[in-house]
Amino acid sequence: MNQNGTYSIVMQLLGKARLRARGGAEAWKMRTNRGVEASDSQTGNGASAGRPRSDEAHKAILDATLELLADVGFSALTVEGVASRAGVGKATIYRRWRSKLPLVVEAFSLLPALEEVDTGDLVSDLKQMLRAYFDLFNSTPLGTVLPSLAGERRHNQALSKLLDPVLRERRRPLVHALERAVERGELPRDLDRELAVDLIVGPIAVRLFFSSGKLSSRLLDSIVDLALAGLRGKR
């Protein structure tokens, strides 16, 4: 794929991520429930019991992709496996996505992300934001899918080109919170925003990759307080 083609795909996925990542756990549940209802209507309400219609097929493919990412991880996921689970032919998938890479990244972009919080206080902003994010890790496939993709992108350059801009966009609410704090004088003006985000989310990544079990909201106060103590120490 040439550079222009890669850029085009990334921009399309970022657009979808901006629109879809605004939903929280409730939006994810509503979307999943609608998928069940649509599937039921295929066989129970007069619609064809064969292959789903175009919109239903698109959704079924993305849902199947997320399920397989959670079940078997990126490396073991195949277009054939997605087609089988979604109840479509491989040609249906390849008409929409060139390969499993853009398919996986678009499916990932459906998962809820951090939402903007602006209370006028950085500590409150971060704690509310991270508490909601902890809930998302524990109530959606995010907690399983994200580690799988993060581990794969390190040695898969093609995946990294598509996934990294989406991951950067999902960090944006944290960057915005830090920028507002700098303007209010809560943090030094020469703060490295991206590094500061790493200090905040780093403990979450460590727990996610190297500890078993769900992320606990009890960690939240310590994560925020310790991170901000370090950031404010520059004064």
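Since the structure is predicted, the reported quantities are computational estimates derived from the model, not experimental observations.
Atom-to-atom distance recorded for Asp135:CG and Thr140:OG1 is 10.0 Å, nearest 0.5 angstrom. The CG atom of Leu226 lies 11.0 Å from the CG atom of Leu231; values are rounded to the nearest 0.5 Å. To the nearest 0.5 angstrom, Leu136 atom CG is 11.5 Å from Leu146 atom CG. A distance of 8.5 Å separates CD1 in Ile93 from CD in Glu80, rounded to the nearest 0.5 Å. A distance of 6.0 Å separates CG of Leu149 from CG of Leu159, quoted to the nearest 0.5 Å. For the atom pair CG (Leu66) and CD1 (Ile61), the distance works out to 12.5 Å, reported to the nearest 0.5 Å.
Of all heavy-atom pairs spanning Ala57 and Thr92, the tightest one is CB-CG2, 4.4 Å. When all heavy atoms are compared, the tightest approach of Asp125 to Arg184 is OD2-NH2, 4.1 Å. Nearest heavy-atom pair across Val201 and Arg171 is CG2-NH1, 4.4 Å. Looking at every heavy atom in both residues, Lys161 comes nearest to Pro165 through O-CD, 3.3 Å. Taking all atoms of both residues into account, the shortest heavy-atom contact from Gly73 to Ser148 is CA-OG, 3.4 Å. Considering all non-hydrogen atoms of both residues, Ala227 and Leu199 come closest at CB-O, 4.0 Å.
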Could you list the donor-acceptor pairs under 3.5 angstrom formed between side-chain atoms of residues 172-182 and any protein atom two or more places apart in sequence or on another chain?
residue	atom	partner	partner atom	Å
His176	ND1	Glu116	OE2	2.5
Arg180	NH2	Val117	O	2.7

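Counting only heavy atoms from C-beta outward, the side chains of Trp97 and Val104 never approach each other to under 4.5 Å. Inter-residue side-chain proximity for Pro112 and Leu142 is flagged as unmet; no heavy-atom pair is nearer than 4.5 Å.
Here the side chain of Lys100 pairs a donor or acceptor atom with the backbone of Phe74 at under 3.5 angstrom. The backbone N or O of Leu220 lies less than 3.5 Å from no partner atom in the side chain of Arg131, so there is not a single donor-acceptor pair. Formation of a donor-acceptor pair under 3.5 Å by the Asp118 side chain with backbone atoms of Gly120 is found in this model.
Remark: Ala158 pairs with Leu101, Asn156 by the side-chain contact (heavy atoms from CB on, under 4.5 Å) rule, at least two apart or across chains. Among residues two or more places apart in sequence or in another chain, the salt bridge (charged side-chain N to carboxylate O under 4.0 Å, His left out) test is passed with Glu152 by none. In this structure Asp164 satisfies the side-chain contact (heavy atoms from CB on, under 4.5 Å) test together with Arg153, Ser160, Leu167, Arg168, sequence neighbours excluded. Checked against side-chain contact (heavy atoms from CB on, under 4.5 Å), Ala64 has the following partners two or more places apart in sequence or in another chain: Val82, Arg85, Ala86. Remark: Thr144 engages Ala70 in a side-chain contact (heavy atoms from CB on, under 4.5 Å) (not counting sequence neighbours).
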Query raised in the report: Taking it one step at a time, do Asp225 and Lys127 satisfy side chain to side chain contact (heavy atoms under 4.5 Å, CB included)?
Result: CA-CA 10 Å; Asp225 293 342; Lys127 289 185 178 180; 3.6 Å; yes
Requested in this report: Mind running side chain to side chain contact (heavy atoms under 4.5 Å, CB included) on Thr65 and Phe108 for me, showing each step along the way?
Outcome: CA-CA 9 Å; Thr65 301; Phe108 173 71; over 6 Å; no
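Remark: the Ser54 side chain and the Arg95 side chain contain no N/O donor-acceptor pair separated by less than 3.5 Å.
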